[in-house]
Colleague: 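The structure under discussion is supplied below as structure tokens; questions concerning it will follow.
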Protein chains: 2
Amino acid sequence: MLEVNPLPLPRVARSDSEAGLSIAEAARRTGVSVHTLRYYERAGLVVTPVGRTAGGRRRYQQLDLDWIVICTKLRATGMPIKAIRRYAQLVSTGRGNEQERLALLEAHRAEVTAKLAEIQENLRLIDHKIDVYRGRLAAGDADQLWAPGSPADVR
Amino acid sequence: MLEVNPLPLPRVARSDSEAGLSIAEAARRTGVSVHTLRYYERAGLVVTPVGRTAGGRRRYQQLDLDWIVICTKLRATGMPIKAIRRYAQLVSTGRGNEQERLALLEAHRAEVTAKLAEIQENLRLIDHKIDVYRGRLAAGDADQLWAPGSPADVR
DNA sequence: CTAGGATTTCGAGCGTGCTCGAAGTCAATC
DNA sequence: GATTGACTTCGAGCACGCTCGAAATCCTAG
């Protein structure tokens with residue numbers, strides 16, 4: 001767990017609405033395209049509204065970036081946009097819905113582990129085929145152990 | 001290949017073009033919808049043309065089913081339709097391209113293992129969050145260890 | 001022979017998650 | 001002020017992998 005870091009604010013006036021990173025810089029730091037950043041915002045994935053300058057430009061704070069990175073990680077596990085939106089809603093609503101957040105995460109976790117198991121299981125088929133082909137090639141093309149029209153296994 | 005049967009040749013018992021399973025039965029046995037079976041065929045995923053009755057109905061043999069199951073397993077690891085088509089082409093072309101088949105499988109294997117690693121890595125975030133929420137709920141809602149506006153960690 | 005269910009082809013539609021483009025705004029520099 | 005480039009909104013477009021539908025045909029039961 002991270003420690004809360006209460007001190008590091010004295011430098012700049014924090015309520016300055018111009019403070020923060022441009023969308024291009026936020027994209028660079030999170031590894032997400034500016035298009036996708038805006039899409040995520042439109043899709044309701046943000047917990048707290050991204051700040052804006054007087055002129056309407058987005059200004060990203062560290063918290064925004066952190067949340068976006070969390071979103072990308074959830075996406076990387078296959079969590080659908082809708083589920084992330086729901087989770088974001090729960091988080092932004094604040095305390096009192098921890099039970100539902102937990103349920104959402106647990107449900108997704110179950111899907112991920114099931115998917116992992118499925119992939120791993122089917123990866124064995126690929127490994128097996130790779131072994132077969134390596135064996136065939138090592139033995140030389142002409143020397144076929146199996147007849148043509150042979151078991152599906154050798155395909 | 002099947003023989004055209006314009007003349008009465010009632011003798012050859014098993015090259016009967018009516019033999020084999022209906023598409024509905026093939027769907028039932030492979031766990032793939034009839035729509036998808038036809039789609040896979042259109043998409044060029046089949047190694048050998050599925051047989052037809054005189055009336056034009058598909059008749060699936062065991063080899064066809066086996067291949068379809070292989071396709072579903074490759075799909076389950078995330079192999080794109082295009083790659084499966086390429087692999088099917090290589091297989092149906094026959095001997096002499098084992099090197100390319102192997103390369104295709106190895107390339108896909110690399111993608112799968114990378115994807116697995118990524119999912120597993122990001123699953124840790126989910127596990128961590130689940131732990132946090134379980135801890136929070138076990139400690140009682142009112143007893144928050146962290147302040148509101150706390151680190152992204154507790155979201 | 002007729003009814004009706006299964007199957008055919010092939011194009012269209014759908015859900016997901018971006019990705020792009022047009023037209024306009026903002027802001028820094030000349 | 002004018003130019004230039006980053007940024008804005010919002011709808012459209014795209015890639016993928018199915019999924020569906022319409023109209024015609026096949027085949028079996030009655």
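Fair warning: this is a prediction, and the values are worked out from it, not measured in the lab.
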Colleague: Do A:R29 and A:E25 meet the salt-bridge criterion of a basic N to acidic O distance under 4.0 Å?
Modeller: yes
Colleague: Let me know the distance between CG of A:L37 and P of D:dT8, rounded to the nearest Å.
Modeller: 10 Å
Colleague: Using the ring of each side chain (for Trp, its six-membered ring), is B:Y87 parallel, tilted or perpendicular to B:W67, with breaks at 30° and 60°?
Modeller: parallel
Colleague: Would A:K73 and B:E121 pass as an ion pair if we require N to O under 4.0 Å?
Modeller: no
Colleague: Stems involving DNA chain D: give each as a range paired with a range, ordered by first number, where a stem means at least three consecutive Watson-Crick or G-U wobble pairs under 3.5 Å.
Modeller: C:1-30 with D:1-30
Colleague: What I want to check is whether an N or O donor and acceptor connect the side chain of A:R57 with the base of D:dA6 at under 3.5 Å.
Modeller: yes
Colleague: For A:E41 and C:dC18, what is the distance between atoms CD and P respectively, to the nearest whole Å?
Modeller: 15 Å
Colleague: Roughly how many Å is it from OH in A:Y39 to P in D:dT9, rounded to a whole number?
Modeller: 16 Å
Colleague: So if I take every side-chain heavy atom of A:I23 and compare against D:dT8, D:dG11, C:dC10, which nucleotide ends up nearest?
Modeller: D:dT8
Colleague: Check this for me, if you would: do B:E106 and A:R134 make a salt bridge, where the nitrogen-to-carboxylate-oxygen distance has to be below 4.0 angstrom?
Modeller: yes
Colleague: Side-chain contact, heavy-atom cut-off 4.5 Å: A:R38 with A:E41?
Modeller: no
Colleague: Can you tell me the distance, in whole Å, between the CZ atom of B:R58 and the P atom of D:dT25?
Modeller: 17 Å
